[in-house]
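Notes to accompany the following structure.
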Amino acid sequence: DGSLQARRSTSSVSPRLVTAGLRRGPAGAVPLLYSSDLFWIPFVYLGVLSLATVIEYLSRLQFRDHEFLGHKERKLATAKESVHELLRSMLPRQVLSRMMSGEVVEDHGVATVLFTDVVGFTKWCDDKHPQQVVQMLNIMYCKFDEGLDRYIVEKIKTIGDAYWAVSGMPVPNGHEHAQRMCGFSQHVLEMVESMSFDYDGVQVRVGVHTGEVIGGVIDAERATYDLFGTTNDIAGHMEQSAQPMEVLISESTLAALRESPDLRATDYRVGKQQSIDLGPHPPMTDGESVLHAYALQSFRWEPPSPANCS
């Protein structure tokens with residue numbers, strides 16, 4: 001009974017008295033922890049530690065964000081470079097630069113156009129595997145391309161076994177476009193001769209004509225630089241009328257060679273004048289149905305270095 005009564009008396013003590021007793025403890029008693037600076041030290045330490053942890057976490061998160069953004073920027077730069085590389089393979093460098101600056105590419109002027117095709121190409125393909133046909137054309141066109149920069153000639157496109165190029169546009173080269181294209185035509189013949197042994201004596205014929213052309217970029221989805229005008233048609237007629245491994249130039253091209261201050265009479269030789277019938281629907285606006293042409297038998301002019309070209 002005494003212990004039970006003691007427990008009851010203890011449980012009936014007012015919390016206010018306990019708190020007051022702690023506050024008014026006897027001399028030498030332990031001070032109340034709530035009013036002591038020592039009580040808050042662990043909490044302050046934990047708060048500082050938590051704050052440091054949060055700051056470190058945010059720093060790492062920011063670093064990861066920067067790293068992620070840097071990775072995305074590098075991928076974007078790589079993608080842009082890939083697109084530019086693809087466009088450079090489709091468009092002339094100068095045209096691409098003009099397009100990137102927002103310019104509408106429209107050219108007009110006098111230039112010299114060249115067409116080539118493989119003699120008897122359809123018959124040549126009859127007993128060849130498709131892979132062999134594609135390989136031959138790829139090797140031949142790559143060899144032709146090797147002379148583009150040297151003679152400042154721009155390839156427009158290839159159409160089957162036909163190769164189409166121009167000099168004097170989109171980069172004007174003054175009076176030199178005719179002689180540069182004639183020099184390039186000799187390069188074409190040399191390249192074909194170098195590969196004829198491996199491909200059953202493959203041969204080409206080449207046509208060249210000088211006249212006014214219009215150039216520009218068409219087709220927004222598949223941008224290409226194209227040429228328009230009767231000059232293309234006449235160059236095509238020259239090519240169709242040429243003999244195997246022969247360059248046939250028009251009268252206007254020969255006139256441009258004769259007027260060039262850079263050429264001597266001994267730098268080139270042409271054959272006798274030929275007449276080419278253009279048929280009942282000639283491409284010229286004046287209705288002329290016969291053209292004069294000349295076989296370019298030799299051409300020994302060497303172009304100046306690109307640094308000296310205008």
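Note that these values count all heavy atoms, side chains included, but never hydrogens, waters or copies made by symmetry. A quick note: this is a predicted structure, and the numbers were derived from the prediction, not measured.
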Could you tell me whether Glu302 and Arg150 have a side-chain N and a carboxylate O separated by less than 4.0 Å?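 Answer for the salt bridge query: yes.
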Are the charged groups of Asp267 and Arg264 less than 4.0 angstrom apart, N to O?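 Yes.
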Closest approach of [X] to [Y] (non-hydrogen atoms, all atoms of both residues):
X      : Y      : value
Lys143 : His187 : O-NE2, 2.9 Å
Ala295 : Leu248 : N-CD1, 3.7 Å
Gly109 : Met169 : N-CE, 3.4 Å

Are [Y] and [X] co-members of a hydrophobic cluster defined by side-chain heavy atoms under 4.5 Å apart?
X      : Y      : answer
Met245 : Phe144 : yes
Met191 : Leu137 : yes
Met181 : Leu148 : yes
Phe228 : Val110 : no
Val134 : Val118 : no

Counting C-beta onward and ignoring hydrogens, is there a side-chain heavy-atom pair between [X] and [Y] closer than 4.5 Å?
X      : Y      : answer
Val153 : Val166 : no
Glu176 : Asp262 : yes
Met140 : Met195 : yes

Is it the case that Tyr294 and Gln274 place a side-chain donor and acceptor less than 3.5 Å from each other?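 No pair is found: no donor N or O on one side chain lies under 3.5 Å from an acceptor on the other.
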Ignoring hydrogens and geometry beyond distance, is a side-chain donor-acceptor pair present between Asn232 and His209 at under 3.5 Å?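 No, no side-chain donor-acceptor contact under 3.5 Å.
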Aromatic plane relationship, Tyr141 with Tyr163 - under 30° parallel, 30 to 60° tilted, over 60° perpendicular: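 Geometry flag for Tyr141 against Tyr163: tilted rings.
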Parallel, tilted or perpendicular: ring planes of Trp301 versus Phe299, cut at 30 and 60 degrees: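 Aromatic pair Trp301/Phe299 classed perpendicular.
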Pick from Thr210, Asn173, Leu114: which one makes a side chain to side chain contact (heavy atoms under 4.5 Å, CB included) with Ser167?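 Exactly one candidate clears the test, Asn173.
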Would you say Gln131 has more than 12 foreign heavy atoms packed within less than 6.0 Å of its CD?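 Count not over threshold, so no.
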Quick one: salt bridge (Lys or Arg N to Asp or Glu O under 4.0 Å) pairs with a partner in residues 236-252, sequence neighbours left out?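 Qualifying pairs: Arg205-Glu239.
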Side chain to side chain donor-acceptor pair (under 3.5 Å) involving Tyr151 - partner list, sequence neighbours excluded: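 Side chain to side chain donor-acceptor pair (under 3.5 Å) list for Tyr151, sorted by chain: empty.
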